[in-house]
Amino acid sequence: MTARSARTGEDAEDLDVEEVLALVNEHNGPGGHVPSPAAQHTHPAGPGTPDAQHRATPWPEARAIAARATRSGTRAARRDPVSVPLDAALGLTLAAPLDALTDLPSFDTSAMDGWAVAGPGPWDVRDEGVLAGQGEPQPLTDGEAVRIATGARIPPDTTAVLRTEHGRTDAQGRLHALRDMHHGQDIRPRGQECRSGDQLLPAGTVVTPAVLGLAAAAGYDTLAAVPRPRVEVLVLGDELLTEGRPRDGLIRDALGPMLPPWLRALGAEVTAVRRLGDDAKALHKAVTGSTADLIVTTGGTAAGPVDHVHPILERVGAELLVDGVKVRPGHPMLLARVGDGRHLVGLPGNPLAAVSGLLTLAEPLLRTLAARPAPEAYTLPLRDEAHGHPYDTRLIPVVLRGDRAVPLHYNGPAMLRGIAAADALAVVPPGGARAGEELELLDLPWASAGIGVCFT
């Protein structure tokens with residue numbers, strides 16, 4: 001699939017970084033008013049549900065809350081732009097318009113290999129030629145020509161460039177045109193693409209490889225950009241092995257290897273990955289000592305005897321913005337504000353459930369911090385029926401085959417076999433979806449042909 005990104009609009013051209021953040025955030029998540037988390041949690045599920053007192057947040061609203069979490073009185077809206085070398089700017093968002101520092105091209109240049117000619121032919125050809133990178137050549141006089149290379153400066157008083165394949169020389173060394181020519185043919189005039197001071201791209205543009213090329217051509221060595229959000233990953237659980245095969249009731253840690261590159265693909269700078277086990281004291285120290293914009297924890301979000309995330313958040317006075325989401329897998333995910341401009345996303349410990357939490361809560365929050373535009377929502381029909389949860393949204397791995405999304409097997413909360421082969425996640429409404437029904441899809445970063453494929 002091709003990348004699908006919402007444009008920030010032409011009105012971004014004179015914005016500072018705070019306004020860029022505000023502008024791009026208008027595109028993040030569904031439009032309209034989003035009820036506060038407290039308001040959402042005052043309405044238990046309706047009568048007849050198995051858990052009438054369940055207060056989890058509906059999946060679309062949870063994503064909207066995450067997208068807006070960093071906007072109210074936090075340092076996210078005050079993040080200072082950084083000056084970044086071109087080779088480190090891929091995937092960042094421009095914090096200022098990209099204005100041309102020079103005319104492009106900055107002088108009249110030859111668009112083809114051939115001869116620069118003056119006046120009507122035939123022409124006498126000079127002995128020396130004109131190559132790219134040389135200083136200004138001597139002017140031509142009528143009836144005169146000179147060999148010229150693509151990209152070389154056009155001599156003053158040149159009428160046109162005659163392509164190599166369109167000219168021949170006679171026995172006396174005079175040049176003849178093999179077809180009609182017109183004034184200015186195959187000459188790129190100075191300023192053809194832009195004039196110095198022209199705005200090439202507005203603030204809020206995501207830096208792609210093509211943007212890097214344009215910036216370099218326009219004379220830039222560095223770009224003013226919104227910095228990458230800084231993320232720490234805390235892997236919880238005494239049962240996790242870091243090498244070898246599962247044994248003696250222990251399992252391999254799948255999230256430690258998976259989450260950092262996934263977070264980088266979402267535009268984050270992963271500053272640390274720490275394995276803490278089921279240690280409440282270590283978790284408290286890690287949360288209170290972190291300076292990252294976002295802390296991501298794995299496991300420990302339920303209410304078991306070693307699930308320490310909720311007690312630690314209460315102890316540090318965190319504000320719970322989302323405490324459980326009506327989505328399967330991944331229901332016990334959470335989002336909390338743990339300080340000015342700092343947030344924590346608690347992912348469930350099961351691998352596919354953690355992926356669900358990553359895309360539900362971490363992706364919108366990181367997108368807002370980085371001032372990146374929201375992916376444009378799109379749908380495809382299902383090739384096969386998709387089973388759903390009676391009351392909650394369900395996210396299932398799919399592959400894209402032509403104009404159809406094909407649900408994959410192995411989509412249980414603890415399974416990664418399906419997501420490893422997937423192109424996207426399909427958003428299945430409560431009750432499921434029949435074959436042919438259109439469903440919203442969430443692209444996986446590496447399954448798109450866009451800037452998301454950025455793992456560095």
Side-chain angles (χ1 to χ4, degrees), residues 1-6 28-29 59-60 62-63 66-67 90-91 206 208-209 254-255 257-268 325 327-330 333 347-348 350-364 366-367 370 372-389 392-429 432-456:
M1 295 297 296
T2 57
R4 298 165 176 86
S5 297
N28 289 341
W59 181 77
R63 297 192 79 214
L90 184 65
V206 175
T208 64
L255 297 182
M258 180 174 70
L259 290 180
W262 202 319
L263 288 162
R264 293 187 192 104
L266 294 176
V325 177
V327 67
R328 306 297 169 126
M333 67 182 74
L347 303 177
N350 278 325
L352 189 58
V355 169
S356 174
L358 189 69
L359 296 182
T360 300
L361 298 178
E363 185 276 331
L366 289 171
R367 180 208 317 146
R372 297 174 73 170
E376 185 176 336
Y378 77 104
T379 64
L380 281 180
L382 289 177
R383 191 189 73 177
D384 308 315
E385 178 185 12
H387 298 291
H389 186 273
D392 295 348
T393 299
R394 188 163 175 243
L395 302 181
I396 62 168
V398 296
V399 291
L400 307 181
R401 296 291 181 263
D403 61 350
R404 293 287 189 272
V406 183
L408 294 171
H409 299 295
Y410 307 105
N411 52 31
M415 297 181 180
L416 286 173
R417 186 171 172 181
I419 192 69
D423 297 314
L425 288 175
V427 182
V428 181
R434 64 187 181 278
E437 185 172 343
E438 295 263 348
L439 292 186
E440 179 184 355
L441 298 184
L442 305 177
D443 275 336
L444 302 180
W446 47 90
S448 300
I451 194 62
V453 187
C454 177
F455 295 98
T456 57

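Heavy atoms only: backbone and side chains are in, while hydrogens, waters and symmetry mates are out. All of these numbers come straight from a predicted model, not from anything done at the bench.
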Query raised in the report: Do the non-hydrogen side-chain atoms of Leu425 and Pro397 ever get within less than 4.5 Å of each other?
Result: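 A side-chain contact under 4.5 Å exists here.
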Query raised in the report: Is there a side-chain contact between Pro329 and Asn350, using heavy atoms and a 4.5 Å cut-off?
Result: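 No. Closest side-chain heavy atoms not under 4.5 Å.
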I'd like to check the side-chain contact (heavy atoms from CB on, under 4.5 Å) partners of [X]; sequence neighbours left out, ordered by chain and number.
X      : answer
Met258 : Leu255, Trp262, Val355, Leu416
Ala66  : Leu335, Leu361, Pro364
His409 : none

Query raised in the report: What pairs with Glu440 under side chain to side chain donor-acceptor pair (under 3.5 Å), at least two apart in sequence or on another chain?
Result: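 Result, side chain to side chain donor-acceptor pair (under 3.5 Å) vs Glu440: none returned.
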Report task. Sequence neighbours left out, what passes side chain to side chain donor-acceptor pair (under 3.5 Å) with Arg401? Give chain and number order. Result ->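 Partners of Arg401 under the side chain to side chain donor-acceptor pair (under 3.5 Å) test: none.
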Distance-minimising heavy-atom pair for [X] and [Y]:
X      : Y      : answer
Leu380 : Asp403 : CD2-O, 3.8 Å
Arg383 : Ala435 : O-CB, 3.6 Å
Tyr410 : Met415 : CA-SD, 3.3 Å
Leu266 : Leu358 : CD1-CG, 4.4 Å

Requested in this report: Using side chain to side chain contact (heavy atoms under 4.5 Å, CB included) as the criterion, point out the one residue from Val428, Asn411, Thr360 that pairs with Leu395.
Outcome: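 That would be Thr360.
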So how far is it from [X] [atom1] to [Y] [atom2], rounded to the nearest 0.5 Å?
X      : Y      : atom1 : atom2 : value
Leu359 : Arg63  : CG    : CZ    : 7.5 Å
Arg394 : Trp59  : CZ    : CH2   : 14.0 Å
Leu263 : Glu363 : CG    : CD    : 11.0 Å
Ile396 : Thr393 : CD1   : OG1   : 12.0 Å

Requested in this report: Output all residues satisfying salt bridge (charged side-chain N to carboxylate O under 4.0 Å, His left out) with Glu438, sequence neighbours left out; order by chain, then residue number.
Outcome: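 Scan of Glu438 (salt bridge (charged side-chain N to carboxylate O under 4.0 Å, His left out), adjacent residues dropped) gives none.
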